[in-house]
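To start, the structure itself, in structure tokens.
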Number of protein chains: 2
Amino acid sequence: MKKNKIETEQTIQNIIKIARYHFTEHGYAEAALEDIVKEANLTRGALYHHFQNKKGLFLAVFETVQQEVGEHVEAEAAKGNDSWEQLIRGCRAFLEGAIQSHNQRILLIDGPAVLGWDTFRKMDEKYSMNSLKEQLQLMQEQGLLKPISIEAMTHCLSGAMNEAVLWIADRLDQEDEDVMEDAIIVLEHLLGGLKK
Amino acid sequence: MKKNKIETEQTIQNIIKIARYHFTEHGYAEAALEDIVKEANLTRGALYHHFQNKKGLFLAVFETVQQEVGEHVEAEAAKGNDSWEQLIRGCRAFLEGAIQSHNQRILLIDGPAVLGWDTFRKMDEKYSMNSLKEQLQLMQEQGLLKPISIEAMTHCLSGAMNEAVLWIADRLDQEDEDVMEDAIIVLEHLLGGLKK
DNA sequence: TTTACATACATACAGTTTGTATGTTAAAAT
DNA sequence: ATTTTAACATACAAACTGTATGTATGTAAA
């Protein structure tokens with residue numbers, strides 16, 4: 001019953017894919033491992049062979065989603081002509097990405113609670129948050145931003161966007177208004193406050 | 001074994017107090033109801049008599065903490081002379097309150113995950129967030145702020161502060177730097193971007 | 001080419017925890 | 001004085017995670 005590398009990797013990816021669906025749909029706590037492996041035509045034995053435990057599986061899913069969003073942000077930001085436009089584009093891309101296919105629950109709700117805030121932060125820094133920080137640092141060095149703590153700025157902005165994502169996603173379910181644009185306008189003005 | 005109103009209320013408050021400790025210390029998922037009631041010299045029967053379930057107990061704890069912080073914010077904000085100073089004072093008070101005795105875990109980490117974001121928001125609006133919104137609205141009417149979506153502003157600022165709390169709390173555990181001041185400076189500049 | 005071993009699972013079970021159903025006792029209400 | 005109800009305790013069912021163990025199969029070395 002031993003499979004080759006490729007088949008094994010497919011098994012793992014398939015579990016992640018199914019788990020991702022269950023986590024987004026029911027949330028971490030309500031997602032039963034039994035249901036996940038059943039859908040993959042496996043048993044929990046297989047799951048515990050490939051992942052350390054439920055948290056380990058969630059971590060794999062979390063990283064997948066975060067990487068996806070992170071890549072989208074980088075790609076969009078790169079389209080900007082100057083650093084300011086890059087920053088704004090990156091922010092918009094983050095909002096879009098995090099809202100897509102209800103990623104918010106994994107990324108922003110269960111993420112911190114399941115992984116713990118410190119682990120969550122480390123993951124976040126690896127992907128989305130770090131690129132924001134670097135961008136801000138660059139802009140400060142270019143003399144575009146006021147000489148205040150980059151780290152504090154990064155966290156405040158990141159927090160503002162995270163909450164914006166949750167708010168927008170909630171509103172999109174109800175109304176059709178251009179709530180996304182409202183958020184971006186506010187973000188732009190907030191960022192304006194950091195301009196020199 | 002029937003007790004009078006006062007004794008019953010004491011029992012409930014005692015459970016909440018002990019549960020609050022367990023939730024902050026171990027987090028919602030790892031806090032066992034059995035341990036909580038044991039410390040209160042009760043059994044789970046008593047707990048399920050007074051609260052609907054584990055989530056219901058958490059909700060009670062959550063509301064207690066949020067109310068505490070909310071009151072602190074209101075009190076501090078009231079000390080300000082003009083609306084701008086009130087806003088800043090309120091923000092600072094929120095950071096202080098949320099950091100105090102590791103309230104962040106209940107308020108910002110487990111809160112959304114356990115209650116769900118919509119319930120969390122409703123609670124949040126009832127206390128801290130609403131006062132922020134009203135203050136911003138007032139200031140906009142006074143012509144102090146730019147004419148952009150108050151709701152978007154409120155959520156972005158609230159998010160910025162929430163994340164700031166987590167960041168500050170994390171940093172306070174390691175360094176002794178005046179990281180709180182850094183956060184407030186950034187917040188002031190961000191708010192500055194909303195000024196007319 | 002056999003033998004040893006690792007890998008990819010399945011199966012069965014133990015442990016923990018939530019929630020519920022059912023007492024029991026004592027104070028309030030009638 | 002009797003009935004009712006509130007404040008618990010006790011016992012139990014159900015769900016779920018995690019672990020220990022078994023098994024088949026591919027791979028690599030002797």
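Per chain, numbering begins at 1; letters A, B, ... match sequence-line order. Treat the numbers as computed from the prediction; the structure is a model and nothing was measured.
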Worksheet item: Between Thr11(B) and dC8(D), is there a side-chain N or O to OP1/OP2 distance below 4.0 Å?
Response: yes
Fill in: For Glu68(A), side chain to side chain donor-acceptor pair (under 3.5 Å) partners two or more places apart
Arg20(A)
Worksheet item: Are the charged groups of Glu188(B) and Lys195(B) less than 4.0 angstrom apart, N to O?
Response: no
Worksheet item: Taking CG from Leu57(B) and P from dT18(C), how many angstroms apart are they, rounded to a whole number?
Response: 10 Å
Worksheet entry | Partner residues of Glu39(B) under the side chain to side chain donor-acceptor pair (under 3.5 Å) criterion, sequence neighbours left out | His22(B)
Discussion item. Which residues pass the side chain to side chain donor-acceptor pair (under 3.5 Å) test with Arg105(B), not counting sequence neighbours?
Written reply: none
Discussion item. Let's see if you can work this out: which of dG18(D), dA8(C), dA7(D) has an atom nearest to the side-chain heavy atoms of His49(A)?
Written reply: dA8(C)
Worksheet, complete the sentence: Leu47(B) CG to dG19(C) P, in whole Å, measures 10 Å
Practice prompt. Check ring pair (Phe, Tyr, Trp, His ring centres under 6.0 Å) between Tyr48(A) and all other residues, then give those that pass, not counting sequence neighbours.
Written response: none
Discussion item. For Gln67(A), give me all partners under side chain to side chain donor-acceptor pair (under 3.5 Å), at least two apart in sequence or on another chain.
Written reply: none
Item to complete: Please list residues of residues 32-44 of chain B whose heavy atoms come under 4.0 Å from any atom in DNA chain D, ordered by number; otherwise none.
Response: Asn41(B), Leu42(B), Thr43(B)
Worksheet item: What is the distance, rounded to the nearest whole Å, between atom NE2 of His50(A) and atom C1' of dA8(C)?
Response: 6 Å
Worksheet entry | Residue Ala46(A), side-chain heavy atoms: nucleotide from dG19(C), dA7(D), dA10(C) that is nearest | dA10(C)
